[in-house]
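The model shown is predicted, which means the values in this text are computed figures rather than measured ones.
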Amino acid sequence: MSKVSIALPEGFILGAAASAWQTEGWSGKKTGQDSYLDLWYQRDRQVWHDGYGPAVATDFYNRYREDVALMKQVGLTHYRTSINWSRFMLDYENGVVDEEYAGYIDNLIDEMLRQGIEPMLCLEHYELPAVLFEKYQGWSSKQVVEWFVQYAAAVFARYAGRVKRWFTFNEPIVVQTRVYLDAVRYPYEQNTHTWMQWNHHKNLATAKVVQLFRAQGYHRQGGSIGVILNPEVTYPRSSAPHDVDAARIYDLFYNRVFLDPAIKGEYPPELVALLEKHQVRWDYTDEELTIIRNNTVDEVGINLYYPHRVKAPSRAWNSATPFHPAYYYEHFELPGRRMNKSRGWEINPRIIYDMAQRLRLEYGNIPWFVAENGMGIENESQFKDADGVVQDDYRIAFIVEHLYWTLRARQEGANCQGYMLWAFTDNVSPMNAFKNRYGLIEIDLEHDRQRRPKKSADWFRRVRDAGVLEFERDDENK
């Protein structure tokens with residue numbers, strides 16, 4: 001065993017993230033202000049673990065002052081959340097703002113700044129208004145892109161003087177992949193054409209919002225505009241060409257489809273060729289591609305939880321099945337891998353280092369930060385001590401390893417600005433609800449959602465105060 005000590009650079013983000021829909025609850029929500037997630041929950045509550053969903057969530061809307069005080073207690077430097085588009089507007093098409101909800105955001109920002117915590121705000125974290133989803137098929141519509149820009153303009157006009165770091169989307173690939181590729185979420189429609197149209201319109205929306213942000217001069221006021229992506233660090237099963245090709249194509253469809261337009265301003269030519277080969281129809285214009293090319297982001301947040309491993313397909317594709325990128329790959333499980341058995345995810349902290357090197361070498365060393373990383377555990381109450389405090393040493397160990405690789409990459413030249421944990425408190429996740437707990441702070445569902453710091457909360461504060469990550473490392477497994 002040896003002792004490792006590595007300093008946090010000055011100004012390094014040590015924060016946490018969440019979203020509006022996963023925390024706020026429905027208090028104050030008016031008729032017609034449902035989001036896509038609200039709609040899914042109302043139509044399909046039985047698929048959410050124990051029936052929990054966004055209706056109450058963590059009741060952050062009413063308890064944000066209590067939670068911001070806990071953020072300060074835990075030692076967060078930054079907190080990233082979203083503004084709920086579906087609640088910010090009373091009329092999405094005509095841009096009528098809900099002053100009650102907007103006032104809540106005003107108060108939240110003021111409270112965070114008063115407590116010395118920098119807010120980072122995302123414009124959409126799965127909160128597409130349900131009426132736009134049902135009436136226009138959501139991001140299938142170019143008009144929805146324009147209404148999103150209109151919404152962004154209203155948000156910036158109100159808050160950009162106090163909030164400096166802005167993001168268009170969180171994980172923009174997720175909803176359409178779950179709905180239109182894999183058909184595992186409401187309304188369960190397998191349609192690759194719609195999937196790619198959503199991808200393109202979200203890329204276009206990001207570029208248009210970047211264009212707006214700069215045209216209004218917010219960047220000259222110290223502001224920045226980016227996007228939160230979740231590219232999976234993808235490894236081939238072997239060095240054989242067929243496995244390497246499978247990993248490359250997986251990367252094109254799920255990672256580069258957003259990384260390249262956001263940072264490089266263009267779609268990978270090989271991706272476009274494959275879409276054409278498989279007759280995937282998506283509507284785009286030269287003017288739209290020019291907007292994407294000329295309005296790349298200032299920074300990216302990268303959500304990283306686990307590696308993704310693929311191999312060449314071992315079976316023939318069913319010709320009656322609509323095209324799916326899985327035509328080119330199969331998932332591969334590494335024998336002997338470390339696992340978070342609660343979540344079913346492999347644990348490999350080096351993914352952060354490998355992603356850092358990729359951003360440094362392939363994407364111009366753009367400023368970026370780990371926007372989400374965390375460990376969800378089921379039945380966490382089994383780890384409570386006599387005082388009722390969750391002894392989550394497993395979470396501390398998980399954070400230590402991932403933060404170490406973050407800091408090491410930074411030392412070696414990666415332009416990594418920080419590390420943000422998912423999540424500050426336990427919160428609702430799609431379908432899993434509160435099944436797997438991620439927070440530094442426990443949410444007690446049986447006692448009025450009482451907040452209770454876990455062991456990791458005190459540890460996190462000590463790291464922040466010391467400005468140093470220290471731990472004992474097994475030299476045989478370093």
Side-chain angles (χ1 to χ4, degrees), residues 8-9 11-23 71 74 76-83 112 117-127 163-175 202 206 209-210 223-233 254-255 258-259 262-263 296-308 345 349 351-360 363 365-376 398-399 401-407 409-410 414-425 427 429-430 438-440 460 464:
L8 277 62
F12 189 80
I13 295 168
L14 199 61
S19 73
W21 80 267
Q22 290 170 289
T23 54
M71 292 177 199
V74 167
L76 301 186
T77 64
H78 296 66
Y79 181 67
R80 175 175 69 87
T81 188
S82 58
I83 294 175
M112 290 178 64
I117 299 156
E118 183 174 341
M120 304 166 74
L121 292 183
C122 191
L123 295 171
E124 203 256 45
H125 191 135
Y126 311 165
E127 293 125 352
V163 178
K164 300 303 180 185
R165 298 176 90 148
W166 292 93
F167 304 91
T168 53
F169 296 96
N170 176 85
E171 298 184 346
I173 198 170
V174 166
V175 173
K202 287 185 178 182
T206 287
V209 170
V210 169
S224 64
I225 181 74
V227 65
I228 309 293
L229 302 178
N230 58 317
E232 297 170 313
V233 180
Y254 295 106
N255 299 336
F258 278 100
L259 276 170
I263 302 173
T296 54
V297 297
D298 296 322
E299 66 174 337
V300 288
I302 302 291
N303 297 347
L304 293 164
Y305 290 94
Y306 55 87
H308 196 85
W345 289 348
I351 60 173
I352 292 181
Y353 181 85
D354 289 347
M355 177 56 68
Q357 298 309 312
R358 182 175 195 186
L359 292 170
R360 183 175 66 85
Y363 291 94
N365 210 17
I366 187 173
W368 72 283
F369 60 98
V370 178
E372 291 181 21
N373 176 248
M375 187 178 202
F398 182 95
I399 299 171
E401 289 188 277
H402 289 80
L403 182 53
Y404 164 75
W405 283 106
T406 306
L407 294 170
R410 166 75 178 244
N415 198 1
C416 182
Q417 306 297 306
Y419 173 92
M420 303 191 81
L421 188 67
W422 187 273
F424 164 59
T425 67
N427 56 38
S429 295
Y438 284 88
L440 299 172
F460 197 88
R464 153 74 190 278

Any chance you could measure Thr23, atom OG1, to Phe424, atom CZ, to the nearest 0.5 Å? 10.5 Å
Does the Ser82 side chain pair with the main chain of Ala20, one donor and one acceptor, at a distance under 3.5 Å? yes
What orientation do Trp345 and Tyr305 show, parallel under 30°, tilted 30 to 60°, or perpendicular over 60°? tilted
One should read off an interatomic distance between Ile173 CD1 and Asn255 CG, to the nearest 0.5 angstrom, of 7.5 Å
Any donor-acceptor N/O pair, Arg410 side chain to Cys416 backbone, under 3.5 Å: yes
To the nearest 0.5 Å, atom CE of Met120 lies from atom CD of Glu299 at 6.0 Å
Specify the closest pair of heavy atoms between Lys202 and Pro172, including all atoms of both residues, with the distance to one decimal. NZ-O, 2.9 Å
Any His78 side-chain heavy atom under 4.5 Å of Gln417 side chain: no
Look at the side chain of Thr77 and the backbone N and O of Leu14, then say whether any donor-acceptor pair between them is shorter than 3.5 Å. yes
Find the distance between CZ (Arg165) and CZ (Phe369) and round it off to the nearest 0.5 Å. 6.0 Å
Interatomic distance, OG1@Thr406 vs CD1@Ile399, rounded to 0.5 Å, equals 11.0 Å
When rounded to the nearest 0.5 angstrom, what distance separates OH in Tyr306 from CD1 in Ile351? 9.0 Å
